[in-house]
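Some notes on the structure that comes next.
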Amino acid sequence: MLHQFEKLTKIKINEGDGLSEASSSAYRNPLSGERRVNSIEIPLPLTESKVVSLINE
């Protein structure tokens, strides 16, 4: 759907993700370079993040 929308409107969608208590978006695909659809990619400046596992090893 994303590619169909972009082709129809000539507008590039830049996906992002965030928590309501953080901001509207804390992670985004880069504005230039490789874009990975359905991936939140990199944190915005001044955003701290940590990857954790919920599975006991």
Side-chain angles (χ1 to χ4, degrees):
M1 183 181 295
L2 180 128
H3 295 296
Q4 291 173 343
F5 177 84
E6 290 181 340
K7 185 176 180 181
L8 180 66
T9 64
K10 307 289 191 264
I11 297 171
K12 181 179 176 183
I13 301 288
N14 190 303
E15 297 175 290
D17 189 45
L19 303 168
S20 58
E21 63 270 18
S23 72
S24 59
S25 183
Y27 303 89
R28 285 215 168 262
N29 269 300
L31 295 176
S32 61
E34 181 183 356
R35 176 180 68 156
R36 296 181 184 174
V37 176
N38 296 324
S39 174
I40 60 172
E41 283 297 320
I42 56 177
L44 293 173
L46 304 175
T47 301
E48 294 182 19
S49 63
K50 180 179 179 180
V51 177
V52 298
S53 173
L54 299 177
I55 300 171
N56 292 329
E57 296 179 3

*asked:* Do Tyr27 and Ile42 have side chains that approach each other closer than 4.5 Å (heavy atoms only, starting at C-beta)?
replied: no
*Any chance NZ of Lys7 has more than 12 other-residue heavy atoms, nucleotides or ligands included, within less than 6.0 Å?*
no
*Would you say Arg35 and Asn14 make side-chain contact, with heavy atoms under 4.5 Å?*
no
*Any side-chain heavy-atom pair from His3 and Val37 closer than 4.5 angstrom?*
yes
*If only atom types and distance count, is the side chain of Thr9 paired as donor or acceptor with the main-chain N or O of Phe5 below 3.5 Å?*
yes
*For Leu44 and Arg28, which heavy atoms make the closest approach, and how far apart are they?*
CD2-CG, 3.9 Å
_When you compare the side chain of Asn29 with that of Glu34, does any pair of heavy atoms fall below 4.5 Å?_
no
_Tell me whether Lys50 is salt-bridged to Glu48, with the criterion being a basic N under 4.0 Å from an acidic carboxylate O._
no
*Can you tell me how far the CD atom of Glu15 sits from the CG atom of Asn38, to the nearest 0.5 Å?*
5.0 Å
